[in-house]
Enquirer: 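Submitted below is the structure of interest, expressed as C-alpha cells.
Just so it is clear, the model here is predicted, and its values are computed rather than measured. Protein chains get the first letters and strands the later ones, always in sequence-line order, with residue 1 at the start of each. Computed over heavy atoms, backbone and side chain alike; hydrogens, waters and symmetry mates excluded.
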There are 2 protein chains.
Amino acid sequence: MKAEIISVGDELTVGMIVDTNSAYLSSKLAGIGIPVTRHTVVGDDLDAVVDAVGGATRRADLVLVNGGIGPTVDDVTRQAVATVAGTGMSLDAEWLEVIRGMFRRRGFTMPESNAVQAMIPSAATRITNPCGTAAGFFLKINSSEVAIFPGVPGELRAMFEQEYLPRLVQAAPTGRVIVTRSLKCFGMPESLINEKIRHLMGPGRNPLVGLLAKDAVISVKITADADAEAAALLMIGDIKRQVRGILGDETATPPGPIFGEDDDGLQHAIARLLTDRRLKIATAESCTGGLIAKRLTDVSGSSNYFMGGVVSYSNEAKSIFMGVPESLFAEVGAVSPEVARAMAEGIRARLHTDLGLSVTGIAGPTGGTPKKPVGLVYVALAHSSGTELHELRLTGTRDEIRDRSAKWAMNMVRTAVAGIKHDR
Amino acid sequence: MKAEIISVGDELTVGMIVDTNSAYLSSKLAGIGIPVTRHTVVGDDLDAVVDAVGGATRRADLVLVNGGIGPTVDDVTRQAVATVAGTGMSLDAEWLEVIRGMFRRRGFTMPESNAVQAMIPSAATRITNPCGTAAGFFLKINSSEVAIFPGVPGELRAMFEQEYLPRLVQAAPTGRVIVTRSLKCFGMPESLINEKIRHLMGPGRNPLVGLLAKDAVISVKITADADAEAAALLMIGDIKRQVRGILGDETATPPGPIFGEDDDGLQHAIARLLTDRRLKIATAESCTGGLIAKRLTDVSGSSNYFMGGVVSYSNEAKSIFMGVPESLFAEVGAVSPEVARAMAEGIRARLHTDLGLSVTGIAGPTGGTPKKPVGLVYVALAHSSGTELHELRLTGTRDEIRDRSAKWAMNMVRTAVAGIKHDR
C-alpha cells in the first residue's frame, strides 16, 4: 500500500506560506505503516488539481487531498475530484443543516455562498468537520481511495485524527508499522560520520539508516518497517547500539559526537550530565547574546543546575558583573582568550557554581578587522581543575555564527563534564 | 513561462521535516515574474526522482530541483537528472580541488566518498556552492531548463541568490513582477484587524491583501502584480498607507499594533526607536531565560543601545546582580509584581541605563500552583518617569509562553518609548 498527498492553494505555490500539512499527514500515515511516496502542491486551478489528483490515483492506493474546499469561487477541489471520478455533485442536506446551525449559534444567517460547502461528489461519503463548516469526504477512484480535507491545519488535524484515521486503521490494516528514531551528533563532519557507518547504510535495507544535517547537528536516522512497534524498536535498538559503538558519546576516549536521541538538543545532554553529577553552571555571553542561557532554560527543571547568566554586551557589563579588569579591554580587546577566560572564571566565582561558561566573539556582519575577522570566537569553560579555552573560526551569517558558537560552547560542557569531579 | 519545484528527500516524504525550500524558491521566482505551478516532493528513490523530473520537464519551462546531492549513496538526484537527460556523468576536476581544499583547511583529508560531489551530468554547467561541498548544476532537458541545488536551506539560498538568480533574470526577462510586502502587527487580535481592513481584502484584487498569523504576530500581506517593480511598489505603498492609517503604529494614540515591515521583528522596532531617541536598555530575565537578550542582539549594531542583561534563574542571581532583597522572595515569591519591579529597577541602576526591562513568570509545564498557575508572567519596564508593570495570563506550551512573554515585554518597550524623554 502506497499513499500520496496533495495540497491545494495559491498561497502555497506563490510561497507565501509553507506546506506543513503534508509532513503532518506523512508522519501520521507512517505511524500506521503506510509509506508516502510523493507530495504534490498545486494552486487553486481546476485543471491543475484534476491533473494532480488523476496522476496520484494512477500511482497510489491512497490519496489524501487538503485545501480548496472553502466557500469561495477559488475553492475548486470538490469540483476537481468529482471531475476525476466522473460523477456529479450532490447536496448533503444533513451537513447543510449543521452549517446553518453553526451560523445561527453565532447570531448570523448563513450566507448562501456557504451552501457549496455541503456539496460533495455523488457516491462520496462525508467526513465530518469537528471544528469548521467545510466537510471533507472520501470516495473510490479507480482502485484508489481519495480523501479530501480542509487546508487549515487545525481543522485538518482534528478531522483527520478524530474522523478519518480510526476508520483507515480498521479498513486497511496494513499489519505494518514504520518507526523512525535518531541519534544526534555534533562535532564530527557529516562526511566522516558517513564514512564510519556507511556499511550500515544503503537503499532497500531494513532498518534504513540515513544522515540528516541541520544547523551543524547531524542526525543518524534509523527507520524500521515491522509488524509491530515493539519489533521495530528492537530492530532500531540493534542499529543504535552498533552506531553508538562506532561513533561514541562523551564517555568515549576521545569523546564521541553522539549527544542524544530524537528531539534532544545539546541542552538535554547538559541537563542529563549536570543532574547526574550534581554540578551547577553559570554563563557569561557576549556575541551569543543570551542564546546559550535561552537554550539551557528550554529544558523544564533547568533551575536545578542553571544558576543564571550574564549577557555582557558592553565592556562595562563585563567589568560590573564578572570583574573583568578594565585594562584588559585596552590591552588585548574584548574578543580575546584573556577576556574569555576572565569572563568564565568571573561568572563561576560570582555565582558560586561548579562551571562557568563564556563566549566572546565577532558575530558580524560588521565589527571585523583583518586581525580579528567576523567569525573569530573564543569559548572558555572554568571548572575546579582549571579553565579550558577554544578558539573558533566560523563562517556564515550572523545567526549561523551565533548558533554555532552556542553549540560549540555547549558541546564543550558536554565533553568536559565527563572528566570533571564534583568538588563542592 | 512556468516553473515547477521538486524537493528530494526521504526525511520530507516520511514527514520528519517540512519542505521550506519550495516556498522560498516560489517567492523568489514570483519576485521576477515567474509563476510556480507545482511543487513535488519525492523520497531518495532513483525511479521516483526520474519520474518527477521527467513529468516536470514536460509541463514547465523551468524546473528547480533541490536535495539529494550530498556525498552518500542515498543521494540520487545527480544520477536521476542525468538519466532523464539521457547523458552520462563527468568529473568536474576544478570543483574536486575546491572540495579537497575545504577539507584541508579544516585539518581533514577528504573522504573519497566526497568525490562524487564533483560529478555532474555531461553537458551541464556547474553552479558554485559558496558555502558547502555540494555543487549544483543546470542543463537543458527537452525545452526546459533544469537546475539542481542542495537541500540544506542555507546552502540553497546562498547558491540560488548569489549564483543562479542573477543569471536567470538576464536569461529570461518576463516583463512582469509579482511583489509581496508585509506590515507586521502585535497586540491586536487577528479578527479585529480583519474587521478593520476587510474592505481592502477579497479575491481577485490587485494588490491582493491577506492576513497571516504566526507566533502571535499578524502580518498584513500585500501582493501586487505589475509590469515593473517600481509600479508594484507604488501600488503596495498606497495600500500600506491606508492600512497604517487605520491600524496605526506606536506613535498613534492609543499606540497601534504595527511595529514594522517585512522581515522585521519587535527587536527591529526597538532598535529604531532606541537609536532615534539615544536611549540605552538593560534586561533582567527569569522565565524567558535570555530570550529577550538574544532577540535584541539579533540586530547587528545592538551594542549601541543594549548594555547587557542578566538571566537570573535563581533567587541568588536576582540578589547578586540586581540587589533584589532576599526577604522579598519569602514574602511575595519570585513570581510577583514586587520582584518584577525590583528586577527592572535594579538592572537599570546597576548598568546605568535609561530603561530596565524585566520578566518573571512560570513557563511550565511544571512549577504552577492554584494561586500562581503556569502562564502567570509579570513584565516591568523601569524608566526615568517611573516603572510600568503588566500582569500576563498566557496559555500554551513552555516555548509559547516564553515566546509570548518576550514579545509582550518587547512590545511594552516599543509602546512606552514613544512617550519617554531622554533624561541623561
Enquirer: What heavy-atom pair brings B:Lys294 and A:Thr288 nearest, and what distance separates the two atoms?
Expert: CG-O, 4.5 Å

Enquirer: To the nearest 0.5 Å, how far apart are CG in B:Leu29 and OG1 in A:Thr13?
Expert: 11.5 Å

Enquirer: What closest approach, in Å, do A:Ser300 and B:Gly364 show between heavy atoms, and which atom pair accounts for it?
Expert: OG-O, 3.7 Å

Enquirer: Please classify the contact between A:Ala3 and chain B as side chain, backbone, both or neither, with a heavy-atom cut-off of under 4.5 Å.
Expert: neither

Enquirer: I'd like to verify something: which residue of B:Gly290, B:Gly308, B:Gly289 has the highest number of heavy-atom pairs under 4.5 Å with chain A?
Expert: B:Gly289

Enquirer: Would you mind checking which part of A:Leu25 comes under 4.5 Å of any heavy atom in chain B, side chain (CB onward), backbone (N, CA, C, O), both or neither?
Expert: neither

Enquirer: What is the distance from atom CG of B:Asp10 to atom CG of A:Leu208, rounded to the nearest 0.5 Å?
Expert: 6.0 Å

Enquirer: If you count heavy-atom pairs within less than 4.5 Å of chain A, which of B:Ser312, B:Gly9, B:Ser113 leads?
Expert: B:Ser113

Enquirer: Under a 4.5 Å heavy-atom cut-off, does chain B meet the side chain of A:Asp19, its backbone, both or neither?
Expert: backbone

Enquirer: With B:Thr180, which residues qualify under side chain to side chain donor-acceptor pair (under 3.5 Å), at least two apart?
Expert: B:Thr223

Enquirer: Looking at CG of B:Leu351 and CZ of A:Phe321, how far apart are the two atoms once the value is rounded to the nearest 0.5 Å?
Expert: 4.0 Å

Enquirer: Can you spot which of A:Thr40, A:Val42, A:Val41 makes a side chain to side chain contact (heavy atoms under 4.5 Å, CB included) with B:His39?
Expert: A:Val41

Enquirer: Could you tell me which portion of A:Ile347 (side chain, backbone, both or neither) has an atom closer than 4.5 angstrom to a non-hydrogen atom of chain B?
Expert: side chain

Enquirer: Restricting to non-hydrogen atoms, name the atom on A:Leu12 and the atom on B:Ser26 that form the minimum distance, rounded to 0.1 Å.
Expert: O-OG, 4.5 Å

Enquirer: What part of A:Arg198 is in contact with chain B, defined as an atom under 4.5 angstrom from a non-hydrogen atom: side chain, backbone, both or neither?
Expert: side chain

Enquirer: Go through the structure and list residues passing ring pair (Phe, Tyr, Trp, His ring centres under 6.0 Å) with A:Tyr305, not counting sequence neighbours.
Expert: none

Enquirer: Within this structure, what is the OG-CD distance for the pair A:Ser219 and B:Glu11, rounded to the nearest 0.5 Å?
Expert: 10.0 Å

Enquirer: Which bit of A:Arg350 comes within less than 4.5 Å of chain B, counting heavy atoms only: side chain, backbone, both or neither?
Expert: both

Enquirer: Calculate, to the nearest 0.5 Å, the distance between atoms CZ and OG1 belonging to B:Arg398 and A:Thr297 respectively.
Expert: 6.5 Å

Enquirer: For chain A, which of B:Gly309, B:Ala363, B:Ser303, B:Ser314 has the most heavy-atom pairs under 4.5 Å?
Expert: B:Gly309

Enquirer: Non-hydrogen atoms of chain B under 4.5 Å away: do they reach the side chain of A:Pro35, the backbone, both or neither?
Expert: neither

Enquirer: Is it the side chain or the backbone of B:Val49 that comes within 4.5 Å of chain A heavy atoms, both, or neither?
Expert: neither

Enquirer: Quick one: CG on A:Leu192 to CE on B:Met110, what's the gap to the nearest 0.5 Å?
Expert: 13.0 Å

Enquirer: I need the minimum non-hydrogen distance between A:Ala23 and B:Ile17, along with the two atoms involved.
Expert: CB-O, 4.0 Å

Enquirer: Can you tell which of A:Ala30, A:Gly43, A:Pro189, A:Ser7 has the highest number of heavy-atom pairs within less than 4.5 Å of chain B?
Expert: A:Pro189

Enquirer: Any idea which heavy atoms bring B:Pro111 and A:Glu195 closest together, and the distance?
Expert: CB-OE1, 3.6 Å

Enquirer: Side chain from CB out, backbone as N, CA, C, O: work out which of these in A:Ser22 comes under 4.5 Å of a heavy atom of chain B, or both, or neither.
Expert: neither

Enquirer: Could you tell me which portion of B:Ala284 (side chain, backbone, both or neither) has an atom closer than 4.5 angstrom to a non-hydrogen atom of chain A?
Expert: neither

Enquirer: With a 4.5 angstrom heavy-atom cut-off, is it the side chain or the backbone of A:Asp51 that approaches chain B, or both, or neither?
Expert: both

Enquirer: If we define contacts as heavy-atom pairs under 4.5 Å, which of B:Val311, B:Thr133, B:Thr283 has the most with chain A?
Expert: B:Val311

Enquirer: How far apart are the closest heavy atoms of B:Asp298 and A:Arg402, and which atoms are they?
Expert: OD1-NH2, 2.9 Å

Enquirer: Quick one: of B:Val76, B:Ile6, B:Asn114, B:Ile292, who has the most non-hydrogen atom pairs under 4.5 Å with chain A?
Expert: B:Asn114

Enquirer: Taking it one step at a time, do A:Ser191 and B:Phe103 satisfy side-chain contact (heavy atoms from CB on, under 4.5 Å)?
Expert: CA-CA 10 Å; A:Ser191 54; B:Phe103 276 90; 3.2 Å; yes

Enquirer: Parallel, tilted or perpendicular: which one describes the rings of B:Tyr313 and A:Phe306, with boundaries at 30° and 60°?
Expert: tilted

Enquirer: Which atoms of A:Val8 are under 4.5 Å from chain B, going by heavy atoms: the side chain, the backbone, both sets, or neither?
Expert: neither

Enquirer: Heavy-atom cut-off 4.5 Å, strictly under: side chain, backbone, both or neither for A:Ser302 against chain B?
Expert: both

